[in-house]
Undergrad: 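Take this structure, written in structure tokens, and hold onto it; I'll ask about it next.
This one's a predicted model, so the numbers in the text were calculated from it and none came from an experiment. Along the sequence shown, residues carry numbers from 1. Atom set for the values below is all heavy atoms of this structure, side chains included, hydrogens, waters and symmetry mates excluded.
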Amino acid sequence: MATAIPLTEFRDTERSVLTREEILHKPWKFIGYRDFATYISSDDESFVLRRFDKLHSRILLALQDELSESEQHLTFLDAKFSARNFQDVDNGCLRNDQPERRQLLQKINNQLIKYDGLLCQYLQLKSRSQAPRLNVRNIKTWLDNFNHPIHANEVGFLEANDLISVARTEKAPLRCLFEQKVLLPTRGLFGIILSKWRDEIILQRDPMTTQVDDEQIDLLVSVLIFLSAAIMLLIPLWVLSVMESIFHKLAVITIFVVAFLAFMTWATLARPFEILASTAGYTAVLVVFLQIVLPSNK
């Protein structure tokens, strides 16, 4: 008779006493997919998957061809049943339709369900943002640091060019540059805004990988945007107030308007017409102030 083994004998308390040498000697046993899945699911951006563009295109083309054949067959039947030398068939009644055409319509219905479903799902996948290179690099670093606990053939998807991120929110280009050029080399601003691992995750605390706290970055970015907006609004006002030449004032306005346009383009996710509208409003403020200070400098 089989004897039930107490679950307490398999608790993770034993893993806490394992040495790093023991772990790296048998990473496929002590780490494996349990910790790998926990690692990539700890952050939406770290959870990267393939979109399989070529396979989706191949299947959609095959389903499309099947529908095209069915469409041609239906056209043939319509022409056949309405021919002059064919027996009288009521082509204006679906309830008493010919069995051959009714079966074909049911087949087309099933084909359309498959085709439309896959097409809609693929379009949703296409709308997903591309996986950030920083996060893909972190996953590779994590695998390297733990002596490749996952079989090489099963992590080859990280080299594909159709990786997408599960994260729903897209990041501004300037923020992506900030994360890659500032946060990565400085290890999250020297550990100030690093993500806090959950206590039960032991093997993921790897000093060679970088994962930052998105909430803290959002707060930092908001503060930086507020300060930048205040600077771009106040500095030109002071500069214009002390200048006498109208040409110098126009040059200052032009420089700050171009800088504001570039800032809105790279630091925000605003749409083109929103960027133009905000730039026009910013320009209007500077021009109005120019008209105010212009008489006093004459």
Side-chain angles (χ1 to χ4, degrees), residues 43-46 48 126-138 164-196 210-298:
D43 183 76
D44 287 343
E45 289 186 356
S46 298
V48 298
K126 290 286 287 186
S127 64
R128 290 288 185 176
S129 59
Q130 188 176 7
R133 288 180 295 177
L134 173 63
N135 298 93
V136 177
R137 189 187 314 161
N138 268 344
I164 58 174
S165 176
V166 177
R168 294 182 177 272
T169 57
E170 186 179 357
K171 294 182 179 180
L174 194 59
R175 172 169 174 172
C176 295
L177 184 65
F178 174 73
E179 291 182 357
Q180 295 180 12
K181 301 300 182 181
V182 178
L183 294 182
L184 179 61
T186 61
R187 302 285 302 144
L189 291 181
F190 307 102
I192 298 178
I193 56 176
L194 282 178
S195 177
K196 305 299 182 182
T210 301
Q211 190 175 41
V212 294
D213 191 338
D214 286 334
E215 293 183 358
Q216 296 185 27
I217 295 182
D218 292 339
L219 178 60
L220 177 62
V221 169
S222 299
V223 172
L224 291 177
I225 290 178
F226 175 79
L227 293 177
S228 300
I231 291 173
M232 296 187 69
L233 185 61
L234 296 177
I235 288 183
L237 299 184
W238 283 96
V239 173
L240 292 174
S241 63
V242 299
M243 281 187 171
E244 297 183 358
S245 174
I246 184 63
F247 298 102
H248 291 165
K249 293 181 179 181
L250 291 177
V252 170
I253 292 178
T254 302
I255 292 173
F256 276 93
V257 167
V258 172
F260 182 84
L261 180 62
F263 178 79
M264 289 295 297
T265 302
W266 290 93
T268 67
L269 294 174
R271 289 172 287 186
F273 72 90
E274 294 174 339
I275 295 176
L276 291 177
S278 58
T279 304
Y282 177 73
T283 306
V285 172
L286 297 183
V287 171
V288 169
F289 185 78
L290 177 63
Q291 295 296 325
I292 294 175
V293 301
L294 194 58
S296 61
N297 291 336
K298 287 184 179 180

Undergrad: Looking only at heavy atoms, which two atoms of L286 and F256 are closest? And how far apart?
TA: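 Answer, listing the atom of L286 first, then F256: CD1-CB, 4.4 Å.
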Undergrad: Can you tell me how far apart CG (L233) and OG (S228) are? Round to the nearest 0.5 Å.
TA: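 The distance works out to 12.5 Å.
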Undergrad: Please give me the minimum heavy-atom distance between M264 and A270, naming the atom from each residue.
TA: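 What the structure gives for the nearest pair is CE-CB, 4.5 Å.
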Undergrad: Under the criterion side chain to side chain contact (heavy atoms under 4.5 Å, CB included), I'd like the reasoning laid out for T283 against F260: C-alpha separation, chi angles, the key distance, then a yes or no.
TA: CA-CA 9 Å; T283 306; F260 182 84; over 6 Å; no
Undergrad: Drop me the distance from L261's CG to L276's CG, to the nearest 0.5 angstrom.
TA: 7.0 Å
Undergrad: Distance check, rounded to the nearest 0.5 Å: S241 atom OG versus L290 atom CG?
TA: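 CG of L290 is found 11.5 Å from OG of S241.
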Undergrad: Inspect the surroundings of CD in Q130 and state if more than 12 heavy atoms from other residues, nucleotides or ligands are less than 6.0 Å away.
TA: no
Undergrad: Measure the shortest side-chain to side-chain distance between L240 and V252 over non-hydrogen atoms and say whether it is less than 4.5 angstrom.
TA: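 A side-chain contact under 4.5 Å exists here.
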Undergrad: Distance from I275 atom CD1 to T265 atom OG1, nearest 0.5 Å?
TA: 4.0 Å
Undergrad: Which pair of non-hydrogen atoms, one from P236 and one from I231, has the smallest distance, and what is that distance?
TA: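 The pair with the smallest heavy-atom distance is CD-O, 3.8 Å.
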Undergrad: Over all heavy atoms of both residues, which pair between K249 and M243 is shortest? Give the atoms and the distance, please.
TA: CE-O, 2.8 Å
Undergrad: Using atom types as modelled and distance alone, determine if a side-chain donor or acceptor of E274 lies under 3.5 Å from a backbone N or O of R271.
TA: yes
Undergrad: Is it the case that the side chain of Y282 and the backbone of M232 share a donor-acceptor pair, with hydrogens and angles ignored and the cut-off at 3.5 Å?
TA: yes
